[in-house]
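The next block holds one structure in the form of C-alpha coordinates; read it before the comments.
In this chain, numbering begins with 1 at the start of the sequence shown. Quick caveat: nothing in here was measured; it's all calculated off a predicted structure. Note: hydrogens, waters and symmetry copies are ignored here, and every other heavy atom, side chains too, is used.
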Amino acid sequence: MIELKQFKVGPYNITYDFDFHKVYGIYASNPVITKEFLLKYAGINKSEGCYYNNQSVFDNKRYFDERVFIDCEYDYMDTLVTNHIATSINNRYGKILNVSRFEKYVKSLSIRSEGEYDVHYNFSKEGKALANTSLALSLYGDKIIYCPLENINNERRLNILEKDLADCKGAVIGINTLAKYHNVCDAIIILANNFHVILEKDKELIVIYRLNNEEIIAEQLGINNNILFRSIKSESLILTNTLTIEQIKKLNDNKIKMKKISVFDLEQYL
(Lines give C-alpha, C1' and ligand atoms only; values in the text may rest on other atoms or scores of the structure.)
Protein backbone atom coordinates (compact mmCIF):
# COMPACT_ATOMS: atom_id res chain seq x y z
CA MET A 1 0.00 0.00 0.00
CA ILE A 2 1.37 3.40 -1.04
CA GLU A 3 0.17 6.41 0.92
CA LEU A 4 0.84 10.05 0.19
CA LYS A 5 0.67 12.25 3.29
CA GLN A 6 1.47 15.86 2.43
CA PHE A 7 3.73 14.46 -0.30
CA LYS A 8 5.73 17.40 -1.63
CA VAL A 9 6.51 17.58 -5.32
CA GLY A 10 7.20 20.94 -6.92
CA PRO A 11 4.77 23.44 -5.32
CA TYR A 12 2.19 20.74 -4.48
CA ASN A 13 1.36 18.94 -1.25
CA ILE A 14 -0.67 15.82 -2.01
CA THR A 15 -2.51 13.48 0.33
CA TYR A 16 -3.92 10.31 -1.21
CA ASP A 17 -4.10 6.53 -0.72
CA PHE A 18 -3.53 4.57 -3.92
CA ASP A 19 -5.97 1.84 -4.90
CA PHE A 20 -4.03 -1.13 -6.25
CA HIS A 21 -7.01 -2.16 -8.35
CA LYS A 22 -6.46 0.90 -10.57
CA VAL A 23 -3.96 2.20 -13.08
CA TYR A 24 -2.96 5.80 -12.33
CA GLY A 25 -1.69 8.47 -14.68
CA ILE A 26 0.39 11.40 -13.45
CA TYR A 27 0.08 14.47 -15.67
CA ALA A 28 1.66 17.88 -14.99
CA SER A 29 1.51 21.08 -17.01
CA ASN A 30 5.29 21.10 -16.58
CA PRO A 31 6.78 17.71 -17.62
CA VAL A 32 9.68 18.24 -15.20
CA ILE A 33 7.15 17.91 -12.36
CA THR A 34 5.84 14.63 -13.81
CA LYS A 35 9.36 13.17 -13.78
CA GLU A 36 10.01 14.53 -10.29
CA PHE A 37 6.81 12.88 -9.02
CA LEU A 38 7.82 9.49 -10.41
CA LEU A 39 11.42 9.61 -9.17
CA LYS A 40 10.21 10.44 -5.67
CA TYR A 41 7.36 7.92 -5.79
CA ALA A 42 9.84 5.26 -6.94
CA GLY A 43 12.08 6.03 -3.95
CA ILE A 44 15.00 7.06 -6.15
CA ASN A 45 15.00 10.74 -5.16
CA LYS A 46 14.61 11.84 -1.56
CA SER A 47 11.05 12.73 -0.68
CA GLU A 48 8.75 13.65 2.17
CA GLY A 49 5.34 12.12 2.69
CA CYS A 50 5.46 9.00 0.47
CA TYR A 51 5.08 5.74 2.42
CA TYR A 52 5.15 2.02 1.63
CA ASN A 53 3.63 -0.02 4.47
CA ASN A 54 4.10 3.01 6.75
CA GLN A 55 7.81 3.33 5.88
CA SER A 56 9.34 6.04 3.71
CA VAL A 57 9.90 4.80 0.15
CA PHE A 58 13.24 6.61 -0.16
CA ASP A 59 16.15 4.16 -0.29
CA ASN A 60 13.79 1.44 0.99
CA LYS A 61 15.14 -1.98 -0.05
CA ARG A 62 11.89 -3.84 0.62
CA TYR A 63 10.04 -1.36 -1.57
CA PHE A 64 12.71 -1.57 -4.30
CA ASP A 65 12.32 -5.35 -4.34
CA GLU A 66 8.58 -5.00 -5.01
CA ARG A 67 8.51 -2.26 -7.62
CA VAL A 68 9.88 -1.71 -11.13
CA PHE A 69 10.78 1.75 -12.46
CA ILE A 70 11.29 2.23 -16.20
CA ASP A 71 11.86 5.57 -17.93
CA CYS A 72 10.91 4.91 -21.55
CA GLU A 73 13.15 7.73 -22.75
CA TYR A 74 16.26 6.07 -21.26
CA ASP A 75 18.63 3.71 -23.10
CA TYR A 76 18.38 0.42 -21.21
CA MET A 77 19.47 -1.84 -24.05
CA ASP A 78 21.43 -1.88 -27.28
CA THR A 79 20.50 -5.43 -28.21
CA LEU A 80 17.39 -7.58 -28.55
CA VAL A 81 19.11 -10.79 -27.45
CA THR A 82 16.82 -11.62 -24.56
CA ASN A 83 19.25 -13.68 -22.49
CA HIS A 84 21.77 -10.84 -22.62
CA ILE A 85 19.07 -8.31 -21.61
CA ALA A 86 17.88 -10.55 -18.75
CA THR A 87 21.43 -10.92 -17.38
CA SER A 88 22.18 -7.21 -17.72
CA ILE A 89 18.95 -6.10 -16.01
CA ASN A 90 19.44 -8.60 -13.19
CA ASN A 91 23.04 -7.53 -12.60
CA ARG A 92 22.28 -3.80 -12.72
CA TYR A 93 18.90 -3.64 -11.01
CA GLY A 94 18.29 -7.02 -9.39
CA LYS A 95 15.13 -7.54 -11.47
CA ILE A 96 13.92 -10.70 -13.16
CA LEU A 97 12.83 -10.62 -16.80
CA ASN A 98 10.08 -12.87 -18.12
CA VAL A 99 12.10 -13.84 -21.19
CA SER A 100 9.30 -15.56 -23.11
CA ARG A 101 6.96 -12.60 -22.62
CA PHE A 102 9.60 -10.11 -23.80
CA GLU A 103 10.30 -12.25 -26.87
CA LYS A 104 6.57 -12.24 -27.72
CA TYR A 105 6.56 -8.42 -27.60
CA VAL A 106 9.64 -8.22 -29.83
CA LYS A 107 7.81 -10.32 -32.41
CA SER A 108 4.25 -8.96 -32.11
CA LEU A 109 5.38 -5.31 -32.07
CA SER A 110 7.99 -5.80 -34.83
CA ILE A 111 10.56 -4.04 -32.67
CA ARG A 112 13.47 -5.17 -34.86
CA SER A 113 12.09 -3.07 -37.71
CA GLU A 114 12.58 0.07 -35.59
CA GLY A 115 16.33 -0.26 -35.20
CA GLU A 116 19.48 -0.30 -37.27
CA TYR A 117 22.08 -2.87 -36.34
CA ASP A 118 25.74 -1.96 -36.49
CA VAL A 119 27.72 -3.38 -33.59
CA HIS A 120 24.68 -2.59 -31.44
CA TYR A 121 21.04 -1.75 -32.12
CA ASN A 122 20.36 1.94 -32.70
CA PHE A 123 16.64 2.33 -32.09
CA SER A 124 14.34 4.97 -33.53
CA LYS A 125 12.30 6.98 -31.00
CA GLU A 126 9.39 4.61 -31.53
CA GLY A 127 11.69 1.61 -31.31
CA LYS A 128 13.12 2.76 -27.98
CA ALA A 129 9.60 3.31 -26.59
CA LEU A 130 8.48 -0.11 -27.82
CA ALA A 131 11.51 -1.87 -26.36
CA ASN A 132 11.35 -0.08 -23.01
CA THR A 133 7.58 -0.48 -22.58
CA SER A 134 7.94 -4.17 -23.45
CA LEU A 135 10.74 -4.39 -20.88
CA ALA A 136 8.55 -2.79 -18.21
CA LEU A 137 5.67 -5.15 -18.95
CA SER A 138 7.99 -8.17 -18.88
CA LEU A 139 9.68 -7.47 -15.53
CA TYR A 140 8.23 -8.85 -12.33
CA GLY A 141 7.05 -6.17 -9.89
CA ASP A 142 4.64 -3.26 -9.50
CA LYS A 143 5.06 -0.91 -12.45
CA ILE A 144 6.17 2.73 -12.35
CA ILE A 145 6.64 3.83 -15.96
CA TYR A 146 7.49 7.18 -17.51
CA CYS A 147 6.02 7.99 -20.95
CA PRO A 148 5.45 4.51 -22.42
CA LEU A 149 3.17 5.61 -25.30
CA GLU A 150 4.15 9.17 -26.23
CA ASN A 151 6.48 8.16 -29.09
CA ILE A 152 4.39 5.26 -30.42
CA ASN A 153 2.21 6.17 -33.39
CA ASN A 154 1.40 2.84 -35.03
CA GLU A 155 -2.22 2.01 -34.17
CA ARG A 156 -1.74 -1.75 -34.06
CA ARG A 157 1.16 -1.44 -31.65
CA LEU A 158 -0.73 1.07 -29.51
CA ASN A 159 -3.70 -1.30 -29.22
CA ILE A 160 -1.48 -4.11 -27.94
CA LEU A 161 0.31 -1.97 -25.37
CA GLU A 162 -2.79 -0.06 -24.24
CA LYS A 163 -4.51 -3.31 -23.34
CA ASP A 164 -1.52 -4.71 -21.46
CA LEU A 165 -0.82 -1.47 -19.59
CA ALA A 166 -4.50 -1.26 -18.61
CA ASP A 167 -4.20 -4.76 -17.13
CA CYS A 168 -1.29 -3.70 -14.88
CA LYS A 169 -3.46 -2.76 -11.91
CA GLY A 170 -1.54 -0.75 -9.35
CA ALA A 171 0.71 0.77 -12.01
CA VAL A 172 1.62 4.46 -11.88
CA ILE A 173 2.39 6.01 -15.26
CA GLY A 174 3.96 9.40 -15.87
CA ILE A 175 2.36 10.90 -18.96
CA ASN A 176 2.93 13.97 -21.12
CA THR A 177 0.02 13.47 -23.53
CA LEU A 178 -3.33 12.87 -21.82
CA ALA A 179 -5.24 11.76 -24.92
CA LYS A 180 -2.93 8.77 -25.46
CA TYR A 181 -4.07 7.15 -22.22
CA HIS A 182 -7.87 7.15 -22.41
CA ASN A 183 -7.82 3.35 -22.80
CA VAL A 184 -5.20 2.82 -20.09
CA CYS A 185 -5.71 4.85 -16.92
CA ASP A 186 -8.49 4.45 -14.36
CA ALA A 187 -7.65 7.75 -12.67
CA ILE A 188 -5.46 10.77 -13.37
CA ILE A 189 -3.57 12.94 -10.90
CA ILE A 190 -3.39 16.36 -12.58
CA LEU A 191 -0.79 18.86 -11.43
CA ALA A 192 -1.74 22.14 -13.06
CA ASN A 193 -0.11 25.55 -12.78
CA ASN A 194 -1.90 26.58 -9.59
CA PHE A 195 -3.82 23.53 -8.34
CA HIS A 196 -3.89 19.75 -8.32
CA VAL A 197 -6.86 17.40 -8.64
CA ILE A 198 -7.45 13.63 -8.83
CA LEU A 199 -10.12 12.57 -11.32
CA GLU A 200 -11.59 9.16 -12.19
CA LYS A 201 -11.54 8.30 -15.90
CA ASP A 202 -15.34 8.34 -16.24
CA LYS A 203 -15.73 11.77 -14.62
CA GLU A 204 -17.70 13.93 -17.04
CA LEU A 205 -16.77 17.58 -17.22
CA ILE A 206 -18.36 20.63 -18.84
CA VAL A 207 -16.58 23.54 -20.52
CA ILE A 208 -18.29 26.91 -20.50
CA TYR A 209 -16.66 29.26 -23.01
CA ARG A 210 -15.69 32.92 -22.88
CA LEU A 211 -17.84 34.38 -20.16
CA ASN A 212 -17.78 38.13 -19.64
CA ASN A 213 -18.00 39.04 -15.96
CA GLU A 214 -17.76 35.31 -15.30
CA GLU A 215 -17.79 35.61 -11.50
CA ILE A 216 -21.07 37.56 -11.51
CA ILE A 217 -22.68 35.22 -14.04
CA ALA A 218 -21.47 32.12 -12.22
CA GLU A 219 -23.04 33.48 -9.04
CA GLN A 220 -26.33 34.31 -10.78
CA LEU A 221 -26.54 30.87 -12.40
CA GLY A 222 -25.66 29.11 -9.16
CA ILE A 223 -22.73 27.17 -10.62
CA ASN A 224 -19.92 28.35 -8.33
CA ASN A 225 -19.91 25.05 -6.45
CA ASN A 226 -19.49 23.16 -9.72
CA ILE A 227 -16.37 25.00 -10.88
CA LEU A 228 -13.31 22.76 -11.01
CA PHE A 229 -11.00 25.49 -12.33
CA ARG A 230 -10.86 28.57 -14.53
CA SER A 231 -8.85 28.09 -17.70
CA ILE A 232 -6.88 31.20 -18.61
CA LYS A 233 -5.52 29.33 -21.63
CA SER A 234 -8.95 28.98 -23.26
CA GLU A 235 -10.88 31.72 -21.41
CA SER A 236 -13.34 29.21 -20.04
CA LEU A 237 -14.70 27.58 -16.91
CA ILE A 238 -14.32 23.85 -16.36
CA LEU A 239 -17.17 22.40 -14.32
CA THR A 240 -17.91 19.02 -12.85
CA ASN A 241 -20.93 17.60 -14.66
CA THR A 242 -23.30 17.73 -11.72
CA LEU A 243 -25.49 20.54 -13.03
CA THR A 244 -29.20 20.40 -12.37
CA ILE A 245 -31.77 20.64 -15.16
CA GLU A 246 -32.59 24.13 -13.93
CA GLN A 247 -28.94 25.23 -14.12
CA ILE A 248 -28.58 23.84 -17.64
CA LYS A 249 -31.78 25.67 -18.67
CA LYS A 250 -30.37 28.93 -17.30
CA LEU A 251 -27.16 28.45 -19.28
CA ASN A 252 -29.18 27.81 -22.44
CA ASP A 253 -31.47 30.77 -21.79
CA ASN A 254 -28.42 33.01 -21.45
CA LYS A 255 -27.04 31.61 -24.72
CA ILE A 256 -23.86 30.48 -22.97
CA LYS A 257 -21.89 28.01 -25.06
CA MET A 258 -20.90 24.79 -23.36
CA LYS A 259 -19.87 21.22 -24.14
CA LYS A 260 -19.08 17.99 -22.33
CA ILE A 261 -15.51 16.72 -22.24
CA SER A 262 -13.65 13.86 -20.58
CA VAL A 263 -10.67 13.94 -18.25
CA PHE A 264 -8.45 13.06 -21.23
CA ASP A 265 -9.49 16.24 -23.08
CA LEU A 266 -8.23 18.53 -20.33
CA GLU A 267 -4.73 19.10 -21.67
CA GLN A 268 -5.81 21.92 -23.99
CA TYR A 269 -7.35 23.82 -21.05
CA LEU A 270 -4.45 23.53 -18.56
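Distance alone, capped at 3.5 Å, is enough to place a donor-acceptor pair between the Ser124 side chain and the Glu114 backbone. Remark: side-chain polar atoms of Arg67 are paired, donor with acceptor, to backbone N or O of Ala42 under 3.5 angstrom. Proximity of a side-chain donor or acceptor of Tyr93 to a complementary backbone N or O of Phe69 within less than 3.5 Å is not detected. At distances below 3.5 Å, at least one donor-acceptor pair connects side-chain atoms of Lys143 with backbone N or O atoms of Ala136. Counting only distance, with no hydrogens or angles, the side chain of Glu267 and the backbone of Leu178 share a donor-acceptor pair below 3.5 Å. When atom types are taken as modelled, the side chain of Ser231 and the backbone of Ser236 share no donor-acceptor pair closer than 3.5 angstrom. A donor-acceptor contact shorter than 3.5 Å links the side chain of Arg157 to the backbone of Ser110. A donor-acceptor pair under 3.5 Å is absent between the side-chain atoms of Asn159 and the main chain of Arg156, judged by distance alone. The closest donor-acceptor contact from the side chain of Ser88 to the backbone of His84 lies at 3.5 Å or more, if one exists at all. A donor-acceptor pair is defined here as one N or O able to donate and one able to accept, closer than 3.5 Å; such a pair exists between the side chain of Lys8 and the backbone of Gly10.
Among pairs with a residue in residues 169-196, those fulfilling salt bridge (charged side-chain N to carboxylate O under 4.0 Å, His left out) read Lys169-Asp186, Asp186-Lys201, at least two apart in sequence or across chains. Screening residues 187-199 for side-chain hydrogen bond (donor to acceptor under 3.5 Å, both in side chains), with sequence neighbours left out, gives no hits.
At least one side-chain heavy atom of Val184 sits less than 4.5 Å from a side-chain heavy atom of Leu149. Residues Asn54 and Glu3 meet the side-chain proximity criterion, which asks for heavy atoms closer than 4.5 Å. At least one side-chain heavy atom of Leu251 sits less than 4.5 Å from a side-chain heavy atom of Leu243. Leu109 places none of its side-chain heavy atoms less than 4.5 Å from the side chain of Asn154. Residues Phe229 and Leu266 meet the side-chain proximity criterion, which asks for heavy atoms closer than 4.5 Å. Leu4 is listed as a side-chain neighbour of Phe18, based on a closest heavy-atom distance under 4.5 Å. Considering only heavy atoms from C-beta on, Leu130 stays 4.5 Å or farther from Phe123 through its side chain.
The side-chain hydrogen bond (donor to acceptor under 3.5 Å, both in side chains) check on Lys40 picks up Glu36, with sequence neighbours excluded. Listed by chain and residue number, Glu204 satisfy the side-chain hydrogen bond (donor to acceptor under 3.5 Å, both in side chains) test with Asn241 (two or more places apart in sequence, or in another chain). Under the side-chain contact (heavy atoms from CB on, under 4.5 Å) criterion, Lys249 pairs with Asp253, not counting sequence neighbours. For Glu246, the side-chain contact (heavy atoms from CB on, under 4.5 Å) criterion is met by Thr244, Lys250, not counting sequence neighbours. Listed by chain and residue number, nothing satisfies the side-chain hydrogen bond (donor to acceptor under 3.5 Å, both in side chains) test with Tyr27 (two or more places apart in sequence, or in another chain). Applying the ring-ring contact (aromatic ring centres under 6.0 Å, His included) rule to Tyr105 yields no partners; only residues at least two apart in sequence or on another chain are considered. Scanning for side-chain hydrogen bond (donor to acceptor under 3.5 Å, both in side chains) contacts around Glu200 gives Lys22, with sequence neighbours left out. Evaluation of the side-chain contact (heavy atoms from CB on, under 4.5 Å) rule for Val68 yields Ile70, Lys95, Leu139 as partners, not counting sequence neighbours.
Note that CG of Asn53 is 7.5 Å distant from CD1 of Ile2, once rounded to the nearest 0.5 Å. In this structure, Lys5 NZ and Thr15 OG1 are separated by 9.5 Å, a value rounded to the nearest 0.5 Å. Rounded to the nearest 0.5 angstrom, Ser56 OG and Tyr51 OH are separated by 7.0 Å.
Pairing each heavy atom of Thr82 with each of Leu97, the nearest pair is O-CD2, 4.1 Å. The shortest non-hydrogen separation linking Tyr41 to Tyr63 is O-OH, 2.6 Å. Contact between Asn226 and Gln247 at its shortest, heavy atoms only, is OD1-NE2, 3.6 Å. In terms of heavy atoms, Ile160 sits closest to Ser108 at CD1-O, 4.0 Å. Taking both residues in full, the closest heavy atoms of Ile173 and Pro148 are given as CG2-CD, 3.5 Å, listed atom of the first, atom of the second, then distance. Summarising the geometry of Ile175 relative to Gly25, their closest heavy-atom pair is CD1-CA, 4.3 Å, with the distance given to 0.1 Å.
Within a 6.0 Å radius of CG in Asp65, more than 12 heavy atoms belonging to other residues, nucleotides or ligands are found. Heavy-atom contacts from other residues, nucleotides or ligands closer than 6.0 Å to CD of Glu48 number 12 or fewer.
A donor-acceptor pair shorter than 3.5 Å cannot be found between the side chains of Ser47 and Asn45. When only modelled atom types and interatomic distance are considered, Tyr146 and Asn176 share a side-chain donor-acceptor pair under 3.5 Å.
Val32 belongs to no hydrophobic cluster with other residues, because no ILVMFWY side-chain heavy atom falls under 4.5 Å from its own, directly or through intermediates. In the hydrophobic clustering, Tyr140 connects to Ile96, either directly or through intervening members, whenever side-chain heavy atoms lie under 4.5 Å apart.
In this pair, Tyr74 and Tyr76 present their aromatic rings perpendicular. The plane angle is above 60°, beyond the 30 to 60° band.
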Verdict with supporting geometry, Met258 and Asn252, side chain to side chain contact (heavy atoms under 4.5 Å, CB included): CA-CA 9 Å; Met258 62 180 177; Asn252 290 332; 3.8 Å; yes
Trace of the side chain to side chain contact (heavy atoms under 4.5 Å, CB included) decision for Lys128 with Asn151: CA-CA 9 Å; Lys128 183 191 292 188; Asn151 289 312; over 6 Å; no
Side chain to side chain contact (heavy atoms under 4.5 Å, CB included) between Val207 and Lys257, intermediate numbers included: CA-CA 8 Å; Val207 183; Lys257 183 181 176 184; over 6 Å; no
Leu137/Cys168 under side chain to side chain contact (heavy atoms under 4.5 Å, CB included): CA gap, chis, key distance, verdict: CA-CA 8 Å; Leu137 290 168; Cys168 285; 3.5 Å; yes
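The ring of Phe7 has its center closer than 6.0 angstrom to the ring center of Phe37.
Both Val9 and Tyr52 are assigned to one and the same hydrophobic cluster, defined by single-linkage of ILVMFWY side chains at heavy-atom distances under 4.5 Å. Under the 4.5 Å side-chain heavy-atom criterion for grouping Ile, Leu, Val, Met, Phe, Trp and Tyr, Ile198 is not connected to Phe195 through any hydrophobic cluster. Neither Val57 nor Ile145 shares a network with the other; the hydrophobic side chains, linked directly or stepwise wherever heavy atoms of I, L, V, M, F, W or Y lie under 4.5 Å apart, form separate groups for each. Under the 4.5 Å side-chain heavy-atom criterion for Ile, Leu, Val, Met, Phe, Trp and Tyr, Tyr12 and Leu38 are members of the same hydrophobic cluster. If you chain together hydrophobic residues whose side chains sit under 4.5 Å apart, Ile238 and Ile189 never meet in one group.
Results of the side chain to side chain contact (heavy atoms under 4.5 Å, CB included) test with Leu228 over Leu205, Ile190, Leu239 single out Leu205 as the only residue that passes.
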